[in-house]
2 protein chains.
Amino acid sequence: MLSANPLLTQFQKTRSLSQAETAALSKVPLRRVALRPEEPMVRAGDHTTSCILVLDGMLATSKVDGAGRRQITAIHIAGDFPDLMSLHLDLADSDIRAVAKAEVASINHDHLRRLALDHPNLAAKLWRTVLVDAAISREWVLNLGQRESMTRMAHVLCEILLRMQVAGLANGNTCRMPLTQVNLSEVTGMSLVHVNRVLQQLRRKDLITLAKGQLDVLNWAGLVKVGDFSAEYLHIVKH
Amino acid sequence: MLSANPLLTQFQKTRSLSQAETAALSKVPLRRVALRPEEPMVRAGDHTTSCILVLDGMLATSKVDGAGRRQITAIHIAGDFPDLMSLHLDLADSDIRAVAKAEVASINHDHLRRLALDHPNLAAKLWRTVLVDAAISREWVLNLGQRESMTRMAHVLCEILLRMQVAGLANGNTCRMPLTQVNLSEVTGMSLVHVNRVLQQLRRKDLITLAKGQLDVLNWAGLVKVGDFSAEYLHIVKH
DNA sequence: CTGCCGCCATATCATATGTTAGGCGACGAA
DNA sequence: TTCGTCGCCTAACATATGATATGGCGGCAG
């Protein structure tokens with residue numbers, strides 16, 4: 001159907017909906033927002049009254065330490081809700097910014113709350129996405145705390161490709177990857193120079209190509225092995 | 001009141017409850033479980049049908065990488081709900097274990113769901129704790145990714161003391177701290193030897209004493225400065 | 001066209017942190 | 001008691017990773 005409500009589209013991806021649910025979702029007003037590269041959508045300290053649904057492109061949640069060093073704590077692709085926490089927490093504790101050009105839908109808190117109260121199954125789905133994000137965050141803690149640089153980087157690339165595939169945004173083992181090497185250094189907690197070193201190693205092992213904003217995993221099994229990757233933490237549901 | 005339901009007690013801490021809420025909370029059956037040091041309560045891969053409320057002692061959520069290295073991704077003190085995620089995620093992705101001797105209450109999923117459906121305000125409170133845990137996890141990603149060892153350790157100690165104080169479990173700037181140096185190495189992603197080095201430095205700066213399972217922060221302002229600590233991410237509400 | 005800037009790449013050198021090894025006191029089990 | 005284990009501490013050495021510097025290339029603004 002033409003120009004369907006993207007919120008409705010997103011919910012339909014995981015489960016079939018009742019008529020009442022479909023109707024309710026269709027009625028939720030969305031405000032579309034186009035973001036330029038680096039443009040912030042939320043800043044730490046903000047009090048927001050609406051949530052975000054990513055429609056296109058990639059956003060990143062990040063925090064900055066006292067020395068000004070930035071850490072990306074989560075990446076968000078089309079279909080993700082990067083700040084559902086704002087529904088229940090007063091102040092944002094992180095920035096949320098576009099990585100490259102992106103488009104998002106802004107959804108009023110009140111409308112989402114109404115939706116959740118009237119339709120427990122839709123509320124449960126929102127719960128679930130929050131909990132999966134938290135699970136990813138825990139895996140990132142493991143990744144940053146215990147894995148050395150090459151494993152760490154490979155793990156990040158595995159996660160990105162797999163999530164893109166699940167979202168239907170990959171073409172085989174190839175997908176858009178707008179994160180620059182500086183961005184990857186903010187994801188992995190490594191210096192820019194070391195990011196470059198590690199990527200060269202992954203290339204020399206014929207595991208990946210990465211250029212021009214495009215990631216191509218040449219040897220998925222190999223990358224999974226190097227990256228100590230196993231997908232359970234993403235809690236992907238087959239359907 | 002004697003032997004009150006600890007679930008009720010916990011909810012009363014943050015807000016005054018309606019009579020109906022109080023009654024509903026009192027009726028929820030709890031199963032008390034005593035845990036010995038290191039005893040696991042949940043294992044990655046488990047399918048659980050109940051949630052945990054920590055009554056006494058300290059638990060830790062942890063994950064193990066392919067090389068067998070363990071990373072603690074969260075610590076839990078009395079009043080925390082370490083695995084509310086099990087309400088909506090099928091399989092646990094982490095282990096949850098007692099750090100030292102501990103006591104928990106096990107609460108059946110069905111009862112919690114009933115409670116949440118019937119009492120949206122109680123559901124909101126549960127939401128909130130999940131979201132605060134996620135916020136802490138993001139801060140840990142920042143801590144592990146960007147801060148160097150002494151700052152990282154100081155930050156962890158600040159968080160522990162402050163959370164203990166908020167939970168009413170501290171005595172001034174002193175609190176129980178059952179994490180061993182090995183445990184701290186699993187929290188900070190540092191080697192055991194380096195944990196020891198860094199603790200010595202913090203002691204030499206007269207910022208802390210830490211011995212016999214007891215943490216004493218001698219200079220809170222100093223530790224906060226060294227640890228690049230600011231408490232916003234804990235989303236503490238005054239009342 | 002031209003100059004500037006972002007992104008990527010590489011080399012060299014510096015250092016924070018890991019690794020291995022050893023020792024000491026406290027405590028619980030036999 | 002004695003023994004084994006655990007938690008803590010320290011030293012010497014190894015290395016993964018950071019810091020600094022420099023250059024190339026391509027795109028974009030003027």
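Atoms considered below: every heavy atom in the structure, side chains included; atoms not considered: hydrogens, waters and symmetry mates.
Going from atom CE of A/Met177 over to atom C1' of C/dC7 covers 13 Å, rounded to whole Å. When the P atom of C/dC8 is taken as reference, atom CG of A/Leu215 falls 13 Å away, rounded to whole Å. One can place CD1 of B/Ile208 at 14 Å from C1' of D/dC8, the figure rounded to the nearest angstrom. Whole-Å rounding puts the B/Gln181 CD to C/dG18 P distance at 14 Å. Note: CG (B/Leu179) to P (D/dC6) measures 18 Å, nearest angstrom. Rounded to whole Å, atom C1' of C/dT17 lies 13 Å from atom CE of B/Met153. Whole-Å rounding puts the B/Gln146 CD to C/dA16 P distance at 17 Å. Atom-to-atom, CG of A/Leu199 to C1' of C/dC7 comes out at 12 Å; the value is rounded to the nearest Å.
Not counting sequence neighbours, A/His76 has no partner by the ring-ring contact (aromatic ring centres under 6.0 Å, His included) test. Legend: residues meeting salt bridge (Lys or Arg N to Asp or Glu O under 4.0 Å) with A/Asp83, ordered by chain and number and at least two apart, are absent.
Ion pairing between a basic and an acidic side chain is recognised when a charged N comes within 4.0 Å of a carboxylate O; B/Glu232 and A/Lys63 show no such pairing. At a threshold of 4.0 Å, the pair B/Glu159-B/Arg163 counts as salt-bridged, since one of the basic side-chain nitrogens sits closer than that to a carboxylate oxygen. Classification of A/Arg69 and B/Glu148 as a salt-bridged pair fails, no side-chain N sitting under 4.0 Å from a carboxylate O.
Two end axes, each from the C1' atoms of five base pairs, can be drawn for the helix from C/dC1-D/dG30 to C/dA30-D/dT1; they diverge by 40°, to 10 degrees.
One N or O on the side chain of A/Thr151 and one on the backbone of A/Val226 form a donor-acceptor pair closer than 3.5 Å. A distance-only check finds no donor-acceptor pair linking the side chain of A/Arg31 to the backbone of A/Ser106 [under 3.5 Å].
Here side-chain hydrogen bond (donor to acceptor under 3.5 Å, both in side chains) pairs that include residues 33-48 of chain B, with residues two or more places apart or in two chains, are B/Glu38-B/Arg97. Residue pairs that meet the ring pair (Phe, Tyr, Trp, His ring centres under 6.0 Å) test with at least one member in residues 203-225 of chain A, sequence neighbours left out, do not exist here.
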Which letters describe nucleotides 17-30 of chain D, given B = protein heavy atom under 4.0 Å from base, S = only from sugar-phosphate, - = neither?
SBBB----------

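Contact check, B/Asn196 against D/dC8: no side-chain N or O comes under 4.0 Å of OP1 or OP2.
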